[in-house]
Amino acid sequence: MVESLAIASDSLLPSLIVGAGSNLLLLDDSVDALVIVPEISGVSIEPFDENEALVVVGAGESWHQFVMQTLDSGWQGLENLALIPGNVGAAPIQNIGAYGVEVADRIAHVDAYEITSGELHRFLPEQLQFGYRDSFFKREGKGRFLISSVAFRLSRNAPLNTGYEALRQALAATPEHLITAKCVAEAVIAVRQSKLPDPAKLGNAGSFFKNPIVSPEVFESLRSQYEKVPHYPQSDGRIKLAAGWLIERAGLKGMRRGDAGVHELQALVIVNYGKASGQQLFDVAREVRDTVWQKFSIALEPEVRILNRRAEDVVL
Ligand SMILES: Cc1cc2nc3c(=O)[nH]c(=O)nc-3n(C[C@H](O)[C@H](O)[C@H](O)COP(=O)(O)OP(=O)(O)OC[C@H]3O[C@@H](n4cnc5c(N)ncnc54)[C@H](O)[C@@H]3O)c2cc1C
């Protein structure tokens, strides 16, 4: 790994670290960059005591398989994050989250090589500026580190998080005392499969946009027009809105431009029905962003990382 990083550092080409590529939109068919895919495997479980363990996992492991492996060994905490595509190394980058849990809630530390020096650094959660789909690795640390492993603090009996409405419904038939972490993971998988297109069958990068977080004034103005607007109050007083709801209300659900379009069931997902180019998908994303802005004066920001041929980030 250190040798690869030295090559990357000395190379005239830009370097790009790729996990499974599930959160990337390439505008061209290829990139002129040194692409590094950290295929670092291995899972080690070091119990602190009977109830808690430090679980350290290589960046190249599949996220979903790792989650299921922890549950099979009786360690819970990651069940709400089942079936998120991608590899473990990318999980801290945007602080993956789903159904009321963010990966930051479970991370004990992240080990990462600095690309220029090859030095291995250990980052504790408080150093990683985790936020909604955000971390140090998307800010000051952007492009500077290769995550080699992630350590999680998991438990045998952590409280289960089943508060999310869709999860509650999926678990409604199971008596509460019989709900285990594995039941929660199975419910999450069922809900995700019913709502989200499978990227293996219909190309997509999951939620294309982040849910916008707005001031109370902007929210009240929206609520005066749409009484039932879904909203999630944040600890800092601001309000998170559902980007999918805004896109749907802007009349864009199911919109299609050639082979690129907005998914017909989940408006937050931009899909490739066949042969759409990266640029065509980008154009659809831009149309969505512009239409939502015209209708609501609310700016949507992409969650997906958009890259040009030189592996440079492109602003939507
Ligand atoms: C159908 C679908 C559903 C999704 N659902 C969710 C969801 O519910 N919640 C959610 O948060 N996300 C979701 N996503 C987004 C995606 O799954 C996550 O962002 C995931 O963490 C990406 O993993 P990856 O290995 O594919 O990363 P990539 O797409 O390969 O890379 C993503 C970013 O991480 C960087 N990176 C990757 N590995 C490393 C490493 N080892 N070291 C340093 N940098 C690295 C890349 O340079 C890039 O900037 C979904 C995506 C899809 C396609």
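Indexing begins at 1, ligand by ligand and atom by atom, following the structure's order. What you see is a predicted model; the values in this text were computed from it and never measured.
Relative to atom 9 (N) of ligand 1, the option among Gly141, Ser207, Gly97 with the closest non-hydrogen atom is Gly97. For atom 26 (O) of ligand 1, the candidate residues are Ser22, Gly19, Ala98, Gly58; the nearest heavy-atom contact is made by Ser22.
Contact annotation: for Pro38 versus ligand 1, heavy atoms closer than 4.0 Å belong to the side chain alone. Both the backbone and the side chain of Val18 come within 4.0 Å of ligand 1, judged by heavy-atom distances. Using a 4.0 Å cut-off between heavy atoms, Asn204 contacts ligand 1 through both its backbone and its side chain. Neither the backbone nor the side chain of Phe137 comes within contact range of ligand 1; no heavy atom lies under 4.0 Å. Residue contacts with ligand 1, taken as heavy atom pairs separated by less than 4.0 Å, involve Ala205 solely via the backbone atoms N, CA, C and O.
Stacking of Arg249 on the aromatic ring of Tyr226 is not recorded, the 6.0 Å distance cut-off and the 45° axial limit not both being met. With a 6.0 Å cutoff to the six-membered ring centre and a 45° limit on the axis angle, Arg192 does not count as a cation-pi contact of Tyr99.
In terms of protein heavy-atom proximity, atom 3 (C) of ligand 1 is closest to Arg192 NH2, 3.4 Å. At the top of the distance list for atom 50 (C) of ligand 1, counting protein heavy atoms only, stands Pro85 CD, 3.7 Å. The closest protein non-hydrogen atom to atom 31 (O) of ligand 1 is Leu24 CD2, 4.1 Å. The protein non-hydrogen atom at the shortest distance from atom 21 (O) of ligand 1 is Ile96 CG2, 3.3 Å. With hydrogens left out, the protein atom closest to atom 19 (O) of ligand 1 is Gln94 NE2, 2.9 Å, a heavy atom.
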message = Between Val191 and Lys195, is the side chain to side chain contact (heavy atoms under 4.5 Å, CB included) condition met? List the steps.
response = CA-CA 6 Å; Val191 172; Lys195 277 184 162 184; 4.1 Å; yes
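Evaluation of the side chain to side chain donor-acceptor pair (under 3.5 Å) rule for Gln234 yields no partner, not counting sequence neighbours. Under the rule for a side chain to side chain donor-acceptor pair (under 3.5 Å), Ser224 has no partner lying at least two apart in sequence or in another chain.
The closest approach between Lys138 and ligand 1 stays at or above 4.0 Å for every heavy atom of the residue. Residue contact annotation: Lys142 has no non-hydrogen atom under 4.0 Å from ligand 1.
A distance of 4.0 Å separates CZ in Arg139 from CG in Asp134, rounded to the nearest 0.5 Å. Rounding to the nearest 0.5 Å places OG1 of Thr162 at 6.5 Å from CG of Leu171. Leu252 contributes atom CG, which lies 13.0 Å from atom CZ of Arg289 (distance to the nearest 0.5 angstrom).
Other residues, nucleotides and ligands place more than 12 heavy atoms under 6.0 Å from the CD atom of Glu126.
Listed by atom number, the atoms of ligand 1 under 4.0 Å from Asn87 heavy atoms are 23 (O), 24 (P), 25 (O). Short contacts between ligand 1 and Gly86, defined as distances under 4.0 Å to a heavy atom of the residue, involve ligand atoms 23 (O), 24 (P), 25 (O), 26 (O).
Aromatic ring orientation, Trp245 versus Phe296: tilted (interplanar angle from 30° to 60°).
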